[in-house]
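Please read the structure below before turning to the comments.
So you know, we letter chains A, B, ... as the sequences are listed, proteins then strands, and number each from 1.
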Amino acid sequence: MLTTNLNKAQREVVYDSDGPVMVLAGAGSGKTRTLVSRVTYLLEEKNISPFRILALTFSNKAAREMKERVACEVDLDIGTLQMTTFHSFCARLLRSEIGYLGLSRSFTIYDDSESKTVVKFLLKRRGISPKDLSPYEILYYINDLKNNGFYHGCTGEFPIDEDLHPFFMDYETELHKANALDFGGLLTAVVQLFQCHPEVLDMYQKKFKYVLVDEYQDTNRVQFEIIKMLSEKHRNICVVGDEDQSIYSWRGADIRNILDFESVFPEAKVIKLEQNYRSSKIIIEAASAVIEKNLMRKGKAMWTDNPDGDIIPIIECADEKSEAEFVASEILKLKKSGVENRDVALFYRMNAQSRIIEDMFRKHNIAYRIVGGIKFYERKEIKDILAYLRLIVNDKDSLAFSRIVNVPTRGVGATTLRKLENEAVAKGLSLWEIVSDLVDNQENYANIRLTSRTKSSLVQLVSMMMEVKVMDGEGVRPSQLYEKVLHESGYYEFLSASRNHESISRLENLDEFDNAIKQFEMNRDKPTLLEFLETINLDPSSNESSTDDGKFNTSGEVSLMTAHGAKGLEYDYVFIAGAEENIFPSYRSLEEGEIGVEEERRLFYVAMTRAMKKLYIIFAQGRLLHGQIKFNGPSRYINEIPPKFFKWKKFKYGGDRRNESVFPDYEENSQEVDYGDESIIQIKREKSGYKFPAGSRIIHSLYGEGIVLETEGAGKNEKILIRFKDGIRKKFLTCIAPIVPF
DNA sequence: CGGCTAGTCATTTTT
DNA sequence: TGACTAGCCG
């Protein structure tokens with residue numbers, strides 16, 4: 001039953017369950033299906049307990065998808081099956097074993113921005129201006145060491161930078177004092193634990209009889225080290241990856257993990273999955289031709305049985321606006337022929353490119369969704385409230401303390417904070433420990449004089465936090481702790497006091513945060529604050545309440561995302577926008593030389609191979625970049641596509657001055673696109689038209705979110721009728737009303 | 001403490 | 001060009 005729907009190579013992966021296996025799986029080769037079958041086979045045919053299997057992926061998305069699919073296939077209870085990300089696996093392991101390393105199990109996880117704060121603090125403490133030594137340089141150094149498995153006291157050869165290393169040491173000390181680990185630290189701590197305490201390693205080695213790793217091309221050295229150690233005993237390790245889709249080397253992903261696999265596991269079997277089930281023949285052959293230009297690859301020959309499909313249009317536009325016009329008009333055309341929004345995606349190289357496209361989509365009432373754009377948990381108000389919550393769990397988190405001590409304003413300014421910090425350093429205690437003692441025993445702190453206002457607000461803060469800590473210890477639900485903190489800290493009042501749209505949207509975000517906590521609580525038997533915080537750090541999108549109610553548009557939304565965000569996804573129709581030199585490939589990568597060009601080529605390849613039916617590649621002759629019009633020319637990757645697979649087209653629209661291709665080389669293969677049908681007429685009308693067309697969503701600073709029902713008048717007299725969330729209808733003059741598009 | 005201005009610097013971001 | 005930050009002043 002398992003073998004149905006699997007080809008020969010895939011079956012090999014499923015059944016060769018013993019001994020090390022490396023699967024090189026091309027884009028769209030049914031990789032996930034194969035992995036799921038392998039796990040199913042282990043569970044059902046070989047009767048392996050789910051408890052003995054460890055499946056690691058890089059992203060939560062991939063882990064969730066795999067887990068769901070296995071759950072569908074298998075009748076067993078797979079609750080004990082560990083199918084998760086490297087980081088979550090390590091965090092979970094450390095929650096029970098961290099005692100060996102001198103931290104407590106309530107350790108906090110610092111994200112990148114918190115790491116940055118620590119580094120900035122260290123620079124300041126040494127009296128070095130960030131202009132003389134960039135915090136990014138230090139962070140890069142720290143990450144680089146951690147990605148390669150370096151920890152304080154480890155053995156092995158690492159390139160130590162004399163100037164930067166002291167910062168690494170300071171940084172580690174700070175985190176240790178704060179009972180915190182950063183993302184990289186979760187991984188190195190596990191390596192350290194295994195190396196220094198072989199008995200712990202032995203236990204886990206015995207436990208996990210089978211280890212599987214997905215997205216292997218994205219693993220870094222520490223991760224390799226972890227899976228190597230874990231599988232040394234049973235040697236049943238199966239890694240699946242595609243070197244052509246390695247697009248995170250700047251994040252530490254190390255191609256050596258693929259190249260060295262066979263030398264670390266000499267008995268390893270290597271299986272290639274080369275048949276593509278996703279894309280049309282033209283797309284596969286075009287993408288293969290591009291990726292073959294890379295020299296640093298083992299090499300695979302992708303092929304497909306799918307039909308030829310449409311030729312790839314290369315669209316030359318005058319500028320970024322014209323590019324957006326083209327996409328909008330083409331999507332309207334597709335829609336007319338029955339294509340649904342949800343089957344269409346647009347990829348760009350950098351987030352900044354999305355703005356103009358979004359404007360155009362709004363103008364044409366094309367429903368869209370930005371995938372992986374603004375990060376909810378990175379918003380200021382969310383970070384503030386999270387800092388309160390973190391402090392409840394972890395006394396030692398002085399970073400959290402200094403973040404909230406004066407938010408909302410309590411009369412505890414920089415000077416007071418500095419005194420508290422000095423005191424904390426002198427006594428070797430955390431800020432919380434100092435302050436909670438200070439409010440009771442002021443006489444012991446001769447150096448710290450407080451005004452009565454400062455004193456009383458600190459007393460209030462401390463007593464509130466004390467109460468919440470007790471409640472947390474008694475098992476009170478996280479949502480109730482949050483409520484208490486939000487109101488008793490004065491944060492809610494502080495935001496409600498100013499009624500500008502900034503604070504209104506902040507309050508809305510806090511409401512959403514409230515939903516997220518409640519969502520989390522519904523998913524657990526015994527929800528704890530500590531667990532909630534960990535989920536937020538390691539799997540921020542898991543508690544998202546679905547906002548996609550489909551009310552506004554039944555055909556879903558067009559997906560907009562960066563090429564990086566596109567990995568692992570597929571769409572019938574794909575647009576790659578901004579296919580220009582210095583954009584895609586980015587100028588930064590070009591500075592790195594061939595290495596950079598190859599990584600960008602892999603990224604371009606990933607973008608191309610997302611398309612199932614039709615791929616469009618678009619570039620602009622000129623583009624406004626940093627306030628200047630740049631003429632970059634078409635991306636080199638376009639030139640690497642054999643001409644028989646594409647048709648060069650020049651897009652013209654109303655406001656376009658230049659009508660000829662400025663790339664005469666392509667003239668013979670070029671053709672003008674006539675958009676003289678309704679879609680272009682619509683564009684012309686919209687160009688001079690309304691700021692807020694009917695159907696667009698808006699936010700009014702007083703009334704909140706609403707939808708435009710009718711428009712009338714033009715220019716200064718443009719009036720719109722809006723229906724707000726609560727059903728109230730109101731008319732506004734668009735030039736005066738405090739309305740922004742939503 | 002908060003609001004303003006001048007100066008700076010511009011990828012990608014699974015965790 | 002525009003978003004963010006550091007530093008200055010009221």
ring-ring contact (aromatic ring centres under 6.0 Å, His included) partners for A/Phe575, two or more places apart
A/Tyr616
Does a side-chain N-to-carboxylate-O contact under 4.0 Å join A/Glu215 and A/Lys61?
no
Please find the pair of heavy atoms, one from A/Gly252 and one from A/Asn220, that lie closest to each other, and give the distance.
O-CB, 3.0 Å
Hey, does A/Arg410 reach any base, or is it just sugar-phosphate, or nothing, if we go heavy atoms under 4.0 Å?
nothing
Walking DNA chain B from its 5' end, the first of A/Met350 and A/Glu378 to be reached, judged by nearest nucleotide, is A/Met350
With sequence neighbours excluded, residues passing side-chain hydrogen bond (donor to acceptor under 3.5 Å, both in side chains) with A/Asn537:
none
Checking A/Phe494 now: which residues fulfil ring-ring contact (aromatic ring centres under 6.0 Å, His included) with it, not counting sequence neighbours?
A/Tyr491
Any N/O pairs under 3.5 Å between the protein and nucleotides 2-6 of chain B? List them or say none.
{"from": "B/dG2", "atom 1": "OP1", "to": "A/Thr409", "atom 2": "OG1", "distance (Å)": "2.2"}

Ignoring the backbone of A/His626, work out which of B/dT14, B/dT15, C/dT1 is nearest its side chain.
C/dT1
Taking O4'-C1'-N9-C4 for purines and O4'-C1'-N1-C2 for pyrimidines, is B/dT12 syn (within 90° of 0) or anti?
anti
Under 4.0 Å, counting only non-hydrogen atoms across every strand here, what does A/Glu215 touch: a base, just sugar-phosphate, or nothing?
nothing
Check ion pair A/Lys228-A/Glu225 (N to O, under 4.0 angstrom):
yes
In residues 242-256 of chain A, which ones come under 4.0 Å of DNA chain B, going by heavy atoms?
A/Tyr248, A/Trp250, A/Arg251
Quick one: A/Arg602 CZ to B/dT11 P, roughly how many Å, whole number?
21 Å
So A/Asp112, base contact, sugar-phosphate only, or nothing? Heavy-atom distance under 4.0 Å.
base
Could you tell me which residues satisfy salt bridge (Lys or Arg N to Asp or Glu O under 4.0 Å) with A/Glu174, sequence neighbours excluded, listed by chain and number?
A/Arg125, A/Lys177
Which nucleotide in C/dG2, B/dA10, B/dT15 has an atom nearest any side-chain atom of A/Arg588:
B/dA10
Kindly write out the residues that satisfy side-chain hydrogen bond (donor to acceptor under 3.5 Å, both in side chains) with A/Asp112, not counting sequence neighbours, or none if the list is empty.
A/Arg251
Integer-rounded Å distance: B/dA10 P and A/Leu624 CG:
18 Å
Between A/Asn351 (CG) and C/dA3 (C1'), how many Å, whole number?
14 Å
Suppose we screen for side-chain hydrogen bond (donor to acceptor under 3.5 Å, both in side chains). Which residues come up paired with A/Thr219, at least two apart in sequence or across chains?
A/Asn257
For A/Ser586, answer base if it contacts any base atom (sugar-phosphate contacts may also be present), sugar-phosphate if it contacts only those atoms, and nothing otherwise; contact means non-hydrogen atoms under 4.0 Å.
base
Does OP1 or OP2 of B/dT15 have a side-chain N or O of A/Asn537 closer than 4.0 Å?
no
What is the distance, rounded to the nearest whole Å, between atom CZ of A/Arg349 and atom P of B/dT13?
8 Å
On the nucleotide B/dT14, are OP1 or OP2 found under 4.0 Å from the side-chain N or O atoms that A/Thr57 carries?
no
At 4.0 Å (heavy atoms only), tell me whether A/Ser589 reaches a base, stays on the sugar-phosphate, or touches nothing.
base
A/His564 side chain, from C-beta outward: closest of C/dG2, B/dT13, B/dT15
B/dT13
C/dC4 and B/dT13: how far apart are their P atoms, nearest whole angstrom?
16 Å
Residues at least two apart in sequence or cross-chain that pass ring-ring contact (aromatic ring centres under 6.0 Å, His included) with A/Tyr637, listed by chain then number, are A/Phe604
Please give, in whole Å, the distance from B/dT13 P to A/Asn147 CG?
17 Å
A/Arg95 meets the salt bridge (Lys or Arg N to Asp or Glu O under 4.0 Å) criterion, sequence neighbours left out, with A/Glu534
Which residues pass the side-chain hydrogen bond (donor to acceptor under 3.5 Å, both in side chains) test with A/Ser354, sequence neighbours left out?
A/Glu358
Got A/Tyr110 and A/Asp397 here, is their nearest side-chain heavy-atom distance under 4.5 Å?
yes
Per-nucleotide protein contact string for nucleotides 5-10 of chain C (B base, S sugar-phosphate only, - none; heavy atom under 4.0 Å):
-S----
Expressed as a whole number of angstroms, how long is the span from A/Arg379:CZ to C/dC4:P?
12 Å
For C/dT1, does OP1 or OP2 lie under 4.0 Å from any side-chain N or O of A/Arg623?
no
For A/Glu599 and A/Ala414, find the nucleotide of DNA chain B closest to each by heavy atoms; which residue's nucleotide sits nearer the 5' end?
A/Ala414
Can you tell me the distance, in whole Å, between the CD atom of A/Gln217 and the C1' atom of B/dT14?
11 Å
What is the distance, rounded to the nearest whole Å, between atom CZ of A/Phe347 and atom P of B/dT12?
16 Å
